[in-house]
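Just the heavy atoms: all of them, side chains too, but no hydrogens, waters or symmetry mates, feed the values below.
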There are 2 protein chains.
Amino acid sequence: MTERQNGTGTSAGRARGPVTIYDVARLSGVSPSTVSRALNNPGRLSADTEKRIREVADAVGYRLNPMARALPTGRTHTVGLILSDITNPVYFDLVRGVERVAAGRGYILILAESQESADLENETAQRLLASVDGLILVATRLDNADIRALAERKPLFVVNRKVRGIPGVVPDVVPGIRAALDHLAEQGHRSIAYLAGPSGSWMSRLRGRTLDLTAGERGMTIVEIGPGEPTLHGGQAALQGVRDSGATAVLAYNDLMATGLLKACRDGGVRVPEELSVIGFDDIFGSDFTSPPLTTIRTPLGLVGDEAARRLIAAVEKGEEGRRTPLATEFVLRGSTAPPRG
Amino acid sequence: MTERQNGTGTSAGRARGPVTIYDVARLSGVSPSTVSRALNNPGRLSADTEKRIREVADAVGYRLNPMARALPTGRTHTVGLILSDITNPVYFDLVRGVERVAAGRGYILILAESQESADLENETAQRLLASVDGLILVATRLDNADIRALAERKPLFVVNRKVRGIPGVVPDVVPGIRAALDHLAEQGHRSIAYLAGPSGSWMSRLRGRTLDLTAGERGMTIVEIGPGEPTLHGGQAALQGVRDSGATAVLAYNDLMATGLLKACRDGGVRVPEELSVIGFDDIFGSDFTSPPLTTIRTPLGLVGDEAARRLIAAVEKGEEGRRTPLATEFVLRGSTAPPRG
DNA sequence: AGGACCGTGTCAACCGGTTGCCAAACTGTG
DNA sequence: CACAGTTTGGCAACCGGTTGACACGGTCCT
């Protein structure tokens, strides 16, 4: 009765816009709802009807309109990822991990940046919320209340932060820190500086606390320096504090800061590792070709992204979070550590 | 007559799902279409009606449902970005540029990776096409026919590739290459190797051709080596070829390859820059802390991303591509070049 | 006073799918 | 052969917006 405007008189005629299920329905002599069932409700129809419709569908190059599907179902097949800083190399492998898993499961990745601002992060999350099935927050600066509020609206997954009742992943920092301190102890270091990241960073606090604990067990002392920006510049700016602390070795919140410190040392005539040992965190791109190559504590960022996407999508689809994979850090010995002088 | 299921008896009652224009309409005593007009058709309604509706809307926290809007309008307020490799640092600033501009204009960024495969790239583009208002292809491996086919369906923008009739941007490589060759000529280099990127890369060919031309003008000769993977590994693998060529200086297709070459030199006992001068391309993150720091030809990647997003969105909204900003490369002198021996 | 015109808000159709419910057809059984 | 049970496919409502057409009331003009 009501012929959709897309239709043309001749069934072979070129439709105006993209092909819809209405076109497929007309061409295969069934109703639109039957087409819908044939395509995403396998088994509901008789085998030959389903087969026939499928054949027509890809003969005419039918492609489902995701918006049209999203409207009645409320499911967009999209995951959102919010980072504080897109250009921070620490996220590259993570983003790739998320994208690969998402694409593999038929999901699309939406990426946004919060520019290290809690307000902007919240605003961005709100803006994205309507378009995604679930949201991954990486190293979020939001407080627990905001996080919970978001989690009430859509499945949420937090990376590098623990929030009671919210699924998330934070790689175990203990093994990496233990191995790093064992290594430093073996070389004779006793007093170690920790170059802290931003004051709002949960992960920086975790690393600091774990360092304190682990150092205590080994009779070593930790002096905390900072907080500082988690960037090259933040690391460069910290050299003076490090020198003042009298520590013979430094552990930085992340590789960016460690690399910045390395640079400041070179500029300031401090020889690394002879005069100062430096250890980074994460093992980002570039850490192996600094000079000297940076000794660091590796975080398996690719796997973290994988895990985040996998479990978020499980939550979206099955309402339960998927199996947890334990993820651990690992000490990577390169050239920026040596026994202290004297 | 037909009360939407969202409604509750009391107007103060909590709606089940998110607030819709139907809720706002009921609460402010007008029809849904009036609400729609009040919100995105300023001036069409009387000033107080509009104001009243706006107040109700944000009093109840109304948020537009992007899917619902996309259906009748065909506009998703989304731009897609397809990269060959998410973890390649060359793209970080570009991605950020695109994201910032997109977010600033109320658009959402969808990111996907083609893993250096033309087939996967095409498939990905098809998959995304229905969800985006426009697509940005970076260093695409697609052939011109595929690109044109995509451009027929949605606004398309290509970065680092010129395709007749398709809007795009490719930073002018001439100034950077001229300055680099002038520098090498001044130091006494005559025979220079070009470490080519993937054979499918339009940009690698452009850089190679421009190099040939520019070298010719200066009485220098170029030996092309490759093609090779545009990665650290590709650069490492090329050392033998470089030595065999007898060139005293190398220009690599990109910084990743240059850095790989640097590493191979260190491992192979070739001193840079004393025995071999190395110049990269792009000035990616990390190029300034290799050892020696890499001399390179900078591409303004952040601006490229900016330009791409700006002009794509202009095409989407006004049907015309926006104003073009000329973008040029620039020679950055660091420590990996020196006069040849003898 | 009558008519043209303008400003304002509503009606209803539409975008392209999904899905609960029902009817027709088909199957098997006593 | 009648009847219950099971397939199979269609109808129509719905998701949440947008927008062309129109009705209504008030102004202004002749």
Checklist line | Five-pair end axes of the helix from C/dA1-D/dT30 to C/dG30-D/dC1 and the angle they enclose, rounded to 10° | finding: 50°
Notebook entry, point to check: At under 4.0 Å, does any side-chain N or O of B/Ser46 touch on OP1 or OP2 of C/dG7?
Noted result: no
Next item on the list: Take B/Ser36 and B/Ser33 through the test side-chain hydrogen bond (donor to acceptor under 3.5 Å, both in side chains) and record every step on the way to the result.
Entry: CA-CA 5 Å; B/Ser36 175; B/Ser33 49; over 6 Å; no
Note to self: Check A/Arg96 with A/Glu99, please: is the shortest side-chain N to carboxylate O separation under 4.0 Å?
What the structure shows: no
Next item on the list: Write down the distance between CD1 (B/Ile21) and C1' (C/dG9), rounded to a whole number of angstrom.
Entry: 14 Å
Check: Side chains of A/Arg161 and A/Ile147: does their closest heavy-atom pair fall under 4.5 Å?
Finding: yes
Next item on the list: Scan nucleotides 19-25 of chain D nucleotide by nucleotide, 5' to 3', and note B when protein non-hydrogen atoms come under 4.0 Å of the base, S if they reach only the sugar-phosphate, - if neither.
Entry: BBB----
Next item on the list: Specify the residue among B/Val30 and B/Pro72 whose closest nucleotide of DNA chain C lies further upstream toward the 5′ end.
Entry: B/Val30
Item checked: Those residues of residues 49-71 of chain A lying under 4.0 Å from DNA chain D by at least one heavy atom -> A/Thr49, A/Leu71
Margin query: Tell me if a side-chain donor or acceptor on B/Arg44 pairs with a main-chain N or O of B/Arg37 at a distance below 3.5 Å.
Written below: no
Next item on the list: Evaluate the side-chain proximity of B/Val30 to B/Ile53: yes if any heavy-atom separation is below 4.5 Å, no if none is.
Entry: yes
Next item on the list: Give the rounded distance in Å between these two atoms: CZ of B/Arg26 and P of C/dT10.
Entry: 15 Å
Next item on the list: Starting from P on D/dG17, measure out to OH on B/Tyr22 and report it in whole angstrom.
Entry: 8 Å
Notebook entry, point to check: Charged N to carboxylate O below 4.0 Å: is that the case for A/Arg54 and A/Glu50?
Noted result: yes
Notebook entry, point to check: Salt bridge check: are A/Glu55 and A/Lys51 linked by an N-O gap of less than 4.0 Å?
Noted result: yes
Next item on the list: Round to the nearest Å and state the distance from A/Asp48 atom CG to D/dT7 atom P.
Entry: 15 Å
